[in-house]
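In what follows, chains are A, B, ... by sequence order, proteins preceding strands, each numbered from 1.
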2 protein chains.
Amino acid sequence: MDDRKQRVLQAVVQDYIESAEPVGSRTIARRHDLGVSPATIRNEMADLEMLGYLEHIHTSSGRIPSSKGYRFYVDGLMQPTSLTDEEKAQIDRWYLARVRRIEEVFQETARLISRVTKNVALVLAPQMTKSAFRCLQFLPLDDRRSVAVLMTDAGFIENRIVAMPSGATFEDFQRMARVVNDCLAGCTLDAIPKAAYRKIRSEISDENLYEAAIDVISCALDDTEGRERLYLGGTREMLSQPEFRDVERVKEILMMLEEEQLLKEILHAHLGEGLRVTIGRENDYKGIQDCSIVTATYHLDGELLGTIAVLGPTRMEYGKAMSLLGYMNEHLSDVVRKLGWQG
Amino acid sequence: MDDRKQRVLQAVVQDYIESAEPVGSRTIARRHDLGVSPATIRNEMADLEMLGYLEHIHTSSGRIPSSKGYRFYVDGLMQPTSLTDEEKAQIDRWYLARVRRIEEVFQETARLISRVTKNVALVLAPQMTKSAFRCLQFLPLDDRRSVAVLMTDAGFIENRIVAMPSGATFEDFQRMARVVNDCLAGCTLDAIPKAAYRKIRSEISDENLYEAAIDVISCALDDTEGRERLYLGGTREMLSQPEFRDVERVKEILMMLEEEQLLKEILHAHLGEGLRVTIGRENDYKGIQDCSIVTATYHLDGELLGTIAVLGPTRMEYGKAMSLLGYMNEHLSDVVRKLGWQG
DNA sequence: GTTAGCACTCAGGGCGAGTGAGTGCTAACT
DNA sequence: AGTTAGCACTCACTCGCCCTGAGTGCTAAC
């Protein structure tokens, strides 16, 4: 693949991404200064098609890039666009203006990404079970029940109403909380050692209370186990893409977007260190083989926290999506910190 | 308007709701046993059009109901369908199977309603400020900050990270919580009397701590003020309605559905005791003058809690929507109670 | 008052011609 | 040998046309 072929491929991909129409040799000759005539470009395009980088709907229509073509473009031809300082500042401002509660960070991230990229954004929030126990407290509710509040190192707070075993007083519960706090300090929630349970049992020394304590802990775990939350944004933006002019296609994709479990699987399958792009046919799931996904993992103090992703037609502005996710990837934890989420 | 006219109007509305096609005189004569010929029905339809109950796209197409026609149908002609015991049981089962956290009740309600009615469902969750203060507690986070947990009578729990003023210890905070709990017992959050503030001030007697306390309270209020949460369900279901065969229309309505503030306003405008139906032109907001809204308010222990609504094309199955919302209206609080939300 | 009959209307589908963007091939040019 | 101009060909798309069928409105007869 010589230099000129690459330039032609680049021109085709760029034009197609911009116009969403199959691009012909004349258009390229006019809009890109390749210094050759349309006829020559036609020959190059025929070669590129033979090599599998371009495709043809029918003999007399322009070319569109194949998955392989996009792949080559993303890996080598695309010029990386990086966000301007102004854009970065805007993102920070957006967060400060809109996010008032910890839980909103993820939703707003999804919304922000979808606005900028005009595609669907997916944000997979951290699994609570992966984070370390910080403290458990009880608040009195009435004489039979109280509210258990569980906090983890990552700053997550779960609350849940629990019944107090008959005979137990609120003071018993307070004592239980102290014991549990002592024994579980620093444990990650998905791997509480047997020894910790034994210690709790011996320290509480009341069988009824012990049962209740175990109940609270396992209940908090059950609830979040395998249930990282998924935030979605931009189904509306998506509709402005010409790929979704057809209602049937929209219905299909909306259907898929409501299958939370499926989306999580897809995200997990595509998960890897840093930025990752999966293009069209490279997707295992049939329903989105005309779509691409850009994913990035984000971290907090070196700890893997979750995934952010852009899902859109293969004709996606990869550069923009990648630079945005890259920025998020690096700075989401800063933003979160600024909002006072973590110490 | 004589009896036969009413029967004809009823037939037209029913057929149109079912088929989404303008209905003609022959169709009615065939499908409804009115005992008269199409020609007679034609005459009646012409009268109904004159009276404003029916409309005409062009001379040679069938009739469709006008807003006024739907209104007459809903108010008088429609036979109320009530849910079967099986359906009711199914709803209860759905809740028990899907709802594991208090916050999910609303989301699942929206999802359920949209599934049953094949339209968009809106659930306006209670305003925190309308409920009574129950208690405030602090959990230690680190040496400079702690987590404030605010609970109200309706069972809502808000948590928020607050900085401790320099010099204050966690014990100071605990004391502050006790004072606040004493002074605010039973107040509704949007109407805390001045006297209560004065009492807090005098009892805390430390100006710094007093500021911090006020901060926490007003912060909790700020956050939720005018910000009842809105849960949406069924944008996907909506697409199966023939009214939304056109992507532009879909885009418009999705756009509107993302304007949370606007939706809240619309819901508030339509809010009233019990079941309420607003049809087509009766809507003030132009964007949905080809849509109808059915709203119901729901209660808990006699206290107004929030609103559930169905939004769909005027050609909506009013009977179904109304009976479903009616059931929800009566039983949502039961369901919520069963899930242990409230004592 | 009801109905049959008839002329009229109009959206929607199918069909054919024309248009234009684009290709592939070949022969000439540098 | 690579590049280009020229030309025939392809094919989606649009437009106008006709036809069909569902439906109306009117009138005259029952």
Side-chain angles (χ1 to χ4, degrees), chain A residues 1-9 11-16 18-66 69 242-243 245-247, chain B residues 1-9 11-16 18-66 69 242-243 245-247:
Chain A
M1 175 112 102
D2 62 31
D3 186 59
R4 194 172 63 190
K5 276 194 182 44
Q6 295 194 14
R7 293 226 302 285
V8 171
L9 177 56
V12 172
V13 176
Q14 274 174 10
D15 277 24
Y16 184 62
E18 204 178 306
S19 70
E21 301 284 325
V23 309
S25 51
R26 258 183 75 87
T27 321
I28 288 184
R30 239 184 297 129
R31 306 191 23 171
H32 299 259
D33 193 22
L34 295 182
V36 291
S37 77
T40 309
I41 293 172
R42 265 202 304 277
N43 290 334
E44 295 289 24
M45 282 166 98
D47 291 353
L48 282 167
E49 188 173 349
M50 206 87 78
L51 292 166
Y53 295 102
L54 295 181
E55 283 173 0
H56 235 185
I57 303 292
H58 59 270
T59 53
S60 75
S61 96
R63 257 83 175 198
I64 62 173
S66 66
E243 273 80 358
R245 239 172 297 169
D246 167 39
V247 182
Chain B
M1 177 110 103
D2 60 32
D3 186 58
R4 195 171 64 188
K5 276 194 183 41
Q6 295 195 13
R7 291 226 306 282
V8 171
L9 176 56
V12 172
V13 176
Q14 274 174 10
D15 276 23
Y16 184 63
E18 203 180 307
S19 69
E21 302 282 326
V23 307
S25 51
R26 257 183 75 87
T27 319
I28 289 184
R30 239 184 297 129
R31 303 191 24 172
H32 299 260
D33 192 22
L34 296 182
V36 291
S37 78
T40 310
I41 294 173
R42 268 203 300 279
N43 291 333
E44 295 287 26
M45 282 163 97
D47 291 355
L48 283 167
E49 186 172 352
M50 207 86 79
L51 293 167
Y53 295 103
L54 294 181
E55 283 172 358
H56 234 185
I57 302 294
H58 60 270
T59 53
S60 75
S61 92
R63 258 84 176 198
I64 61 174
S66 67
E243 273 80 357
R245 238 173 300 171
D246 167 38
V247 183

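- Rounding to the nearest 0.5 angstrom, the gap separating the CG atom in A/L9 from the CD atom in A/E44 is 11.0 Å.
- Within residues 57-64 of chain B, the residues that place at least one heavy atom under 4.0 Å from DNA chain C are, in residue-number order, B/H58, B/T59, B/S60.
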Report, one line per pair, each donor and acceptor closer than 3.5 Å where one atom sits in a side chain of residues 22-35 of chain A; sequence neighbours left out.
{"from": "A/S25", "atom 1": "OG", "to": "A/R42", "atom 2": "NH1", "distance (Å)": "3.3"}
{"from": "A/R31", "atom 1": "NH2", "to": "A/E18", "atom 2": "OE2", "distance (Å)": "3.4"}
{"from": "A/H32", "atom 1": "NE2", "to": "A/D15", "atom 2": "OD1", "distance (Å)": "2.8"}

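- Listed in residue order, the members of residues 21-34 of chain B having a heavy atom less than 4.0 Å from DNA chain C come to none.
- You'll find the side chain of A/R4 reaches within 4.5 Å of the side chain of A/V36, heavy atoms only.
- Interatomic distance, CD of B/E21 versus CD1 of B/I64, reported as 11.0 Å (0.5 Å rounding).
- Atom CZ of A/R4 and atom C1' of D/dT4 are 11 Å apart (whole Å).
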Sequence neighbours excluded and cut-off under 3.5 Å, please list the side-chain donor-acceptor pairs for residues 48-57 of chain B, or say none.
{"from": "B/E49", "atom 1": "OE1", "to": "B/R63", "atom 2": "NE", "distance (Å)": "3.0"}
{"from": "B/E49", "atom 1": "OE1", "to": "B/R63", "atom 2": "NH2", "distance (Å)": "2.7"}
{"from": "B/H56", "atom 1": "NE2", "to": "B/S61", "atom 2": "O", "distance (Å)": "3.3"}

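- In terms of heavy atoms, A/V12 sits closest to A/M45 at CG2-CE, 4.1 Å.
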Nucleotide pairing, DNA chain D (Watson-Crick or G-U, distances under 3.5 Å), in dot-bracket with [ ] and |: ||||||||||||||||||||||||||||||
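- A nucleotide of DNA chain C counts as in contact with chain B when one of its atoms lies under 4.0 Å from a heavy atom; the first and last such, 5' to 3', are C/dT2 to C/dA11.
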